[in-house]
Trainee: 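Here it is, the structure, as structure tokens.
These numbers come from the heavy atoms of this one structure, side chains and all, not from hydrogens, waters or symmetry mates.
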Amino acid sequence: GTAAQTADADLVSESGGKWTTDHRLRGVAYVYVRIRWDQDKFQGIPNIRCLVRGKKSYDPRTGLDAFTETPALHLRDYFAATYGLGCASGELEDTTIATAANTCEEWVALDGALSITAVPEHTTDTWTTSGGYDSRIGTGDRIVLTGVPVPTGLTNGATYYLIRLDNSTYQLASSYQNALEGVAVTFTSNGSGAQTWGSIYQRRYTLNGSFTLDQNPRDIVQDMLDTMAGNIVQPAGTIYIHAGAYVAPTITITADDLRGAVTIRPRKPRHDLVNQIRGSFVDASRLWTQSDYPPVGDSTFVTEDGGLTIERAIDQPFATDSTRAQRLAKIALRRARAGSLSLRCKISALRLQGFDTVAVTIPQLGLSSAVYRIVRLDLAGDDGGLGVDLSLQEESVDHYAWSASDAVAPVPTTELDIPSFATPVVAPTSLVLASGNTELLASADGTIISRLSVSWAGAAEPGLTGYEVQSKRA
């Protein structure tokens with residue numbers, strides 16, 4: 001919706017005065033649906049679902065509002081929006097937000113050996129993947145097209161970006177932004193037919209979904225942060241947004257920075273242990289229905305825990321493909337196993353900030369350039385002096401490392417094929433109407449009833465349950 005939009009003319013004219021020109025819904029996206037009641041088809045008002053591109057978000061790197069999947073930009077938008085937290089622009093640290101956005105938009109390989117066969121159709125500029133749905137790929141994913149020859153208008157070996165239309169139908173775009181905006185490339189032939197999509201990459205972190213304003217703002221912010229394994233800190237009233245990524249520390253804490261005792265916990269207590277994570281995500285390949293991603297575990301951790309599998313459920317409402325959901329679960333698992341360290345530092349530690357990484361060298365504890373991330377920073381006063389208390393968590397590049405072999409392909413379901421948003425329902429063909437002596441029906445009392453014979457070729461619809469014939473006077 002826009003601030004300047006007028007009231008929907010159809011709704012005004014058809015509502016009998018209940019909806020007027022003053023009902024403009026400024027700033028609100030809406031859809032007006034008119035449904036004709038049929039007691040044989042509807043048992044109540046049907047559930048209406050819409051596929052939308054969402055709200056444009058401001059990008060401090062370009063100074064423009066644009067469609068985006070980048071979690072850091074969506075989170076900034078929520079902080080600044082009037083329906084969100086209403087923060088002024090000066091309260092948002094855009095340099096850090098730009099860095100977080102760059103991290104989110106890094107490309108991660110799905111599988112070096114993965115290739116998908118897709119069949120082009122030049123009359124609609126669409127592609128149908130063989131084998132039905134594939135929850136590993138989605139809008140914005142980067143592919144390399146190969147075929148001999150490829151469809152006219154496309155280039156063999158060139159990079160394109162996917163636009164998902166439904167569970168197995170796609171279009172190609174010439175850029176990532178065009179894919180988000182639904183701007184597809186056109187082609188004028190089908191080339192050699194089936195083509196190959198290879199070298200498939202996806203963005204590291206994305207956010208796709210919605211929330212309602214009756215939700216707790218803290219929960220909304222946390223769900224957004226979880227999509228990028230991120231965190232926020234707010235020193236001196238300024239909000240810093242960080243995405244999950246390993247950053248080599250530039251500051252080292254030594255025994256000279258300490259003012260008190262050190263508490264080190266190399267292993268989580270028994271009641272906090274976890275060695276396998278499972279949960280749900282929203283599967284775009286199944287028309288955005290909630291599905292379970294394959295459990296993410298580590299056999300080494302299971303052995304360390306006495307051979308007992310200890311699960312934790314983490315649902316991911318803003319993840320729309322199985323691979324990304326698994327990657328986020330792996331980060332959560334690695335962090336859940338990390339040891340912790342509490343330091344009572346002198347005022348020299350004020351040069352640090354929450355979520356920074358820091359190297360710790362304390363030979364007496366066997367720590368030499370050990371890397372930790374600051375999860376909490378508090379000012380403290382002792383005997384009239386000022387100090388800084390740090391809560392640290394072990395940090396490693398392994399927390400964020402991802403190999404294509406780490407992903408487990410989801411098991412295809414045995415559900416019926418889901419109708420396509422992109423393809424209209426196939427109509428029956430070869431309709432033949434006949435009415436003559438052959439079709440007359442003679443009743444026992446001699447009454448003659450005229451009848452109409454109707455025949456047709458069946459429609460190629462996987463979800464077809466029957467036909468209904470209707471007629472009207474000419």
Side-chain angles (χ1 to χ4, degrees), residues 71-72 75-76 79 91-104 205 218 221-222 224-269 272 328 331-382 385-401:
L75 185 54
R76 185 198 186 282
F79 275 120
E91 297 178 87
L92 301 168
E93 210 293 308
D94 279 339
T95 300
T96 305
I97 292 172
T99 300
N102 290 337
T103 297
C104 294
Y205 303 126
R218 181 186 296 272
V221 170
Q222 189 58 56
M224 289 185 173
L225 286 172
D226 288 345
T227 65
M228 57 178 174
N231 206 336
I232 57 172
V233 293
Q234 193 177 4
T238 301
I239 296 172
Y240 291 73
I241 297 175
H242 298 277
Y246 180 79
V247 178
T250 59
I251 296 176
T252 299
I253 292 178
T254 68
D256 293 338
D257 295 299
L258 301 179
R259 75 176 203 284
V262 175
T263 302
I264 185 168
R265 301 180 184 88
R267 178 178 167 87
K268 291 287 179 69
D272 289 336
L328 289 168
I331 295 172
L333 178 61
R334 295 289 176 178
R335 285 178 170 176
R337 303 290 300 194
S340 62
L341 184 65
S342 297
L343 302 178
R344 300 176 66 197
C345 296
K346 300 174 183 176
I347 197 66
S348 58
L350 270 181
R351 54 187 169 159
L352 299 170
Q353 189 179 101
F355 210 66
D356 282 351
T357 55
V358 62
V360 179
T361 296
I362 306 176
Q364 298 89 331
L365 299 177
L367 299 175
S368 176
S369 299
V371 180
Y372 287 83
R373 187 177 291 277
I374 300 172
V375 295
R376 181 164 180 165
L377 184 154
D378 296 305
L379 287 177
D382 294 321
L386 188 63
V388 178
D389 289 344
L390 298 178
S391 296
L392 309 175
Q393 184 178 27
E394 283 181 324
E395 180 75 347
S396 169
V397 67
D398 292 337
H399 289 179
Y400 310 97

Trainee: Determine the sole option in Gln393, Glu395, Glu394 for which the side-chain hydrogen bond (donor to acceptor under 3.5 Å, both in side chains) test with Arg373 is passed.
Mentor: Glu395
Trainee: Identify the heavy atoms of Val262 and Leu341 that sit nearest to each other, and give their distance.
Mentor: CG1-CD1, 3.6 Å
Trainee: Can you tell me how far the CG atom of Leu390 sits from the OG atom of Ser342, to the nearest 0.5 Å?
Mentor: 9.0 Å
Trainee: Just to verify, what does Asp378 make a side-chain hydrogen bond (donor to acceptor under 3.5 Å, both in side chains) with, not counting sequence neighbours?
Mentor: Arg376
Trainee: As an exercise, state the distance from NZ of Lys346 to CG of Asp257, rounded to the nearest 0.5 Å.
Mentor: 7.0 Å
Trainee: For Asp389, does its backbone N or O pair with a side-chain atom of Arg344 as donor and acceptor, under 3.5 Å?
Mentor: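 It does not hold such a pair.
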Trainee: Identify each donor-acceptor pair in which a side-chain atom of residues 238-254 lies under 3.5 Å from a protein atom, sequence neighbours left out, and give them as a table.
Mentor:
unit_1 : atom_1 : unit_2 : atom_2 : d
Thr254 : OG1    : Asp256 : N      : 3.3

Trainee: Using every non-hydrogen atom in the two residues, find where Cys104 and Pro71 come nearest and quote the distance to one decimal.
Mentor: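 So the minimum-distance heavy-atom pair works out to SG-CD, 3.8 Å.
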Trainee: Distance from Thr227 atom OG1 to Leu75 atom CG, nearest 0.5 Å?
Mentor: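 Answer for the OG1-CG pair, Thr227 versus Leu75, is 8.0 Å.
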Trainee: How long is the gap from CD1 on Ile232 to CE on Met224, to the nearest 0.5 Å?
Mentor: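 So the CD1 of Ile232 and the CE of Met224 are separated by 11.5 Å.
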Trainee: Please name the pair of heavy atoms, one in Leu377 and one in Gly354, separated by the smallest distance, quoted to 0.1 Å.
Mentor: CD1-N, 4.5 Å
Trainee: Could you go through the side-chain contact (heavy atoms from CB on, under 4.5 Å) check for Leu367 and Tyr372 one step at a time?
Mentor: CA-CA 11 Å; Leu367 299 175; Tyr372 287 83; 4.0 Å; yes
Trainee: Step by step, would you call Leu258 with Cys345 a side-chain contact (heavy atoms from CB on, under 4.5 Å)?
Mentor: CA-CA 4 Å; Leu258 301 179; Cys345 296; 4.2 Å; yes
Trainee: Minimum heavy-atom separation for Ala229 to Leu328, with atom names?
Mentor: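 For Ala229 and Leu328, the tightest heavy-atom pair comes out as N-CD2, 4.2 Å.
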Trainee: Examine distances only and state if a side-chain atom of Asp356 and a backbone atom of Gln353 form a donor-acceptor pair shorter than 3.5 Å.
Mentor: yes
Trainee: Drop me the distance from Asn102's CG to Ile97's CD1, to the nearest 0.5 angstrom.
Mentor: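 Here the interatomic distance stands at 12.0 Å.
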Trainee: Report yes if some heavy atom in the side chain of Phe355 is under 4.5 Å from a heavy atom in the side chain of Thr96; otherwise report no.
Mentor: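 Phe355 does not reach Thr96 side chain to side chain.
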Trainee: Measure the spacing between OG of Ser340 and CD1 of Ile264 and express it to the nearest 0.5 Å.
Mentor: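 These two atoms lie 8.5 Å from each other.
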Trainee: When you look at Leu379 and Val388, which way does the side-chain contact (heavy atoms from CB on, under 4.5 Å) test go after all the steps?
Mentor: CA-CA 5 Å; Leu379 287 177; Val388 178; 4.1 Å; yes
Trainee: Do other residues, nucleotides or ligands put more than 12 heavy atoms under 6.0 Å from Arg351 CZ?
Mentor: yes
Trainee: Can you list the residues that meet the side-chain hydrogen bond (donor to acceptor under 3.5 Å, both in side chains) rule with Gln222, with sequence neighbours excluded?
Mentor: Asp226
Trainee: Considering all heavy atoms of both residues, which atom of Lys268 and which atom of Arg335 are nearest to each other, and what is their separation?
Mentor: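 Scanning both residues, the minimum pair turns out to be NZ-O, 3.9 Å.
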